[in-house]
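In what follows, a structure is listed as structure tokens, so that the remarks can point back to it.
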Amino acid sequence: MSLKVYNSLSRKKEEFKPITKGHVGMYVCGPTVSGESHLGHARPYITFDIVNRYLLYLGYKVRYVRNITDAGHFEEEGREAEDKISKKAQLEKIEPMELVQKYTNLFHWAMKEFNILDPNIEPTATGHIVEQITMIEKIIEAGYAYVSNGSVYFDVKKYAATHDYGKLSGRVIEDLLETTRHLDGQDEKRDKADFALWKAAPPQHIMRWKSPWGEGFPGWHIECSAMATKYLGVEFDIHGGGMDLLFPHHESEIAQSTICNHHTPAKYWLHNNMITIGGKKMGKSYNNVIKLTEMFSGNHPLLTQAFTPMTVRFFILQTHYRSTQDFSSEALVAAEKGLKRLWEGYEVLQKLPGTSIRLPVTGNRQPAADKDLEAQCSKLLAELDDFMNDDFNTAKVLANFFEMVPFINGIKDGHISMDALSSNTFQLMKTSFKLWLEDILGLKNPKENNPVLNSVMELLIEIRKESRENKDFATSDKIRNQLNKAGILLKDKKNGNISWEIL
RNA sequence: GGUCCUGUGGCCGAGUGGCUAGGCAGAGCUCUGCAAAAGCUUCUACAUCGGUUCGAAUCCGGUCAGGACCUCCA
């Protein structure tokens with residue numbers, strides 16, 4: 001089974017065929033660094049990290065471009081034609097680029113915490129003003145944009161006459177032309193559906209660039225088109241982003257690029273669904289966001305505790321990327337426990353010695369039940385590729401791994417014979433856990449490893465072991481209780497071993 | 001108002017015509033100096049009404065409920 005992806009353009013799953021054999025070009029709309037990233041932002045970056053990792057696993061050479069939006073194109077914020085970044089900068093009395101740097105750093109920190117692979121190119125909007133201006137000029141030359149009071153608008157009506165404006169979002173052009181809303185700069189436009197390619201900057205606007213039409217700043221959609229074209233060409237494989245960007249952002253990108261480059265920019269449009277909270281989309285406008293720093297610190301009224309980046313990553317992977325995913329502290333707690341159980345199974349597996357009897361397995365050595373186990377295991381392992389090939393179904397992949405955990409524990413506890421699995425299957429299971437959990441799903445050990453603490457704990461555990469052997473329970477209980485107060489949990493295993501974890 | 005999507009057991013969530021999803025919680029058991037942890041086993045589903053079919057959570061239609069986009073948004 002080959003890779004199938006759901007293409008928002010056709011609204012169905014399509015077989016993935018790269019434009020250039022062996023290579024994939026992917027563009028994903030990155031963050032707007034005018035503020036701190038929140039939980040909702042984590043989803044697209046984790047989703048497309050999975051896409052990236054899986055394509056790499058399939059052997060493609062991937063060029064993954066994810067931009068940083070650091071230029072103003074946020075017109076009509078609060079009915080004022082003002083750029084969000086410069087507005088906030090004035091409030092905080094710092095340079096806009098200082099603010100941009102601060103939030104970019106925070107974003108990069110979060111990406112690292114989530115174990116997200118770096119994109120190959122991370123272009124910034126401010127670094128590509130020239131490309132954007134060039135593109136706008138081409139669109140004007142082609143006759144699909146017009147200048148009005150120092151701003152440039154895309155002529156949607158003209159475009160729609162010969163092209164399908166709405167092919168991606170399903171929007172009907174007639175409806176768009178009848179919009180009744182009153183927006184700033186509306187009178188500059190020929191039609192209400194027209195969107196800005198370039199906006200003239202009012203005098204107080206800090207972020208501004210010279211252009212053939214006067215000083216101003218680029219419109220909302222042009223940056224992605226310009227940067228995608230520059231680094232991936234006029235036609236590339238995948239364009240990703242959140243579903244809320246379908247219209248008008250991606251629809252407009254298609255229109256601009258089609259006029260400028262005579263190509264529909266991307267072959268496959270992939271969109272992740274939203275994270276909701278109490279059934280409502282998490283977003284700035286709803287004032288219900290939980291910032292990532294708050295997630296990781298637990299410092300938010302809706303959080304009962306702090307959650308690690310890996311818990312959040314795992315939580316997101318448990319849901320298919322095109323479904324909405326409802327956030328609650330309870331759901332995160334469940335994810336945390338699930339990940340722990342899965343990871344412990346993985347660690348136990350890596351320590352198991354493997355089948356002792358190498359073969360040749362004479363037919364009757366294994367009882368019938370073990371043949372079932374062998375078959376079950378092989379099936380669970382073989383299905384992994386199919387699940388991912390089916391539009392990246394990480395939830396099913398995880399479910400299969402969970403189903404293998406009891407087998408591992410069974411072998412560890414001796415319920416299941418070490419020889420129940422063939423050497424081949426056992427080894428495959430070992431390598432599959434690592435390959436899938438770590439490399440493809442990008443999960444990491446949820447526990448921190450601190451070598452100093454490790455050696456201290458080793459000592460304490462040694463002392464406690466001795467006291468238990470001597471039936472000096474006062475000492476052993478003291479160690480256990482004091483550690484518990486300090487936030488460390490000791491677990492007595494039945495073989496006399498003791499393990500520990502930080503609560 | 002227009003376009004589109006969703007409704008699964010206490011919670012989260014896979015699943016598109018017949019086959020146990022999975023996780024968390026609950027219950028029982030095992031282990032144990034005590035405890036915790038862990039492991040094993042296990043109960044509770046498919047919004048509602050009608051239709052198609054030998055058979056539907058899964059397809060079709062109605063109803064109800066919720067949501068997204070149409071404005072900055074991941």
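These numbers come from the heavy atoms of this one structure, side chains and all, not from hydrogens, waters or symmetry mates. Each chain gets a letter, A, B and so on, in the order its sequence line appears, and its residues count up from 1.
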Looking at [X], does any N or O in its side chain come under 4.0 Å of the phosphate oxygens OP1/OP2 on [N]?
| X | N | result |
| --- | --- | --- |
| A:S323 | B:A14 | yes |
| A:K337 | B:A25 | yes |
| A:R341 | B:C40 | yes |
| A:N393 | B:G15 | yes |
| A:K491 | B:A35 | no |

Checklist line | Position toward the 5' end of RNA chain B (nearest nucleotide), A:T276 or A:G410 | finding: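 Its nucleotide being nearer the 5' end, the pick is A:G410.
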Checklist line | Along RNA chain B (nearest heavy atom to each residue), the more 5'-positioned of A:E344 and A:T324 | finding: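 The 5'-side residue here is A:T324.
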Check: Quick one: which of A:R322, A:K12, A:K13 gives a salt bridge (Lys or Arg N to Asp or Glu O under 4.0 Å) with A:D391?
Finding: A:R322
Measuring only the [atom1] atom in each nucleotide, how far is [N] from [M]? A whole number of Å is fine.
| N | M | atom1 | value |
| --- | --- | --- | --- |
| B:G15 | B:U6 | C1' | 15 Å |
| B:A57 | B:U41 | C1' | 27 Å |
| B:C43 | B:C11 | C1' | 16 Å |
| B:U42 | B:G51 | P | 37 Å |
| B:A21 | B:A36 | P | 32 Å |

Which part of the nucleic acid, if any, lies within reach of [X] when heavy atoms closer than 4.0 Å are counted: base, sugar-phosphate only, or nothing?
| X | value |
| --- | --- |
| A:N409 | sugar-phosphate |
| A:R480 | base |
| A:T319 | sugar-phosphate |
| A:L246 | nothing |
| A:M243 | nothing |
| A:Q325 | sugar-phosphate |
| A:K281 | base |
| A:N273 | base |
| A:P406 | sugar-phosphate |
| A:K280 | sugar-phosphate |
| A:T47 | nothing |
| A:F48 | nothing |
| A:H320 | sugar-phosphate |
| A:G170 | sugar-phosphate |

Check: Salt bridge between A:E15 and A:K4, side-chain N to carboxylate O under 4.0 Å?
Finding: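 So A:E15 does not pair with A:K4 through a salt bridge.
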Notebook entry, point to check: Does A:D386 pair with A:K396 as a salt bridge, N-O distance under 4.0 Å?
Noted result: no
Checklist line | ring pair (Phe, Tyr, Trp, His ring centres under 6.0 Å) partner of A:Y45, chosen from A:F114, A:Y64, A:F107 | finding: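 Result for ring pair (Phe, Tyr, Trp, His ring centres under 6.0 Å) with A:Y45: A:F107.
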Between [options], spot the one nearest the side chain of [X], thanks.
| X | options | value |
| --- | --- | --- |
| A:A331 | B:A74, B:A21, B:C12 | B:C12 |
| A:I275 | B:G23, B:A74, B:C11 | B:A74 |
| A:K340 | B:G23, B:A38, B:C24 | B:A38 |

[N] - base-pair partner by Watson-Crick or wobble geometry, distances under 3.5 Å:
| N | answer |
| --- | --- |
| B:G1 | B:C70 |
| B:U44 | none |
| B:C19 | none |
| B:U52 | none |
| B:C34 | none |
| B:A65 | B:U6 |

Notebook entry, point to check: Any donor-acceptor pair under 3.5 Å between the side chain of A:S285 and the base of B:C72?
Noted result: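 Donor-acceptor pair under 3.5 Å: yes.
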Margin query: Strictly distance-based, threshold 3.5 Å: is any side-chain N or O of A:R190 a donor or acceptor partner for the main-chain N or O of A:D155?
Written below: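 Not a single qualifying donor-acceptor pair exists.
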Check: Going through the distances and angles, do A:F195 and A:Y153 end up as a ring pair (Phe, Tyr, Trp, His ring centres under 6.0 Å)?
Finding: CA-CA 6 Å; A:F195 56 87; A:Y153 293 96; 9.0 Å; no
Next item on the list: Tell me yes or no: between the side chains of A:H250 and A:H271, is some donor less than 3.5 Å from an acceptor?
Entry: yes
Notebook entry, point to check: Does one side chain, of A:Y6 or A:E14, offer a donor that lies under 3.5 Å from an acceptor on the other?
Noted result: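 No, because no side-chain N or O of A:Y6 sits under 3.5 Å from a partner of the opposite role on A:E14.
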Item checked: A:F473 ring over B:G33 six-membered base ring, under 5.5 Å and 30° ->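 So A:F473 counts as stacking on the base.
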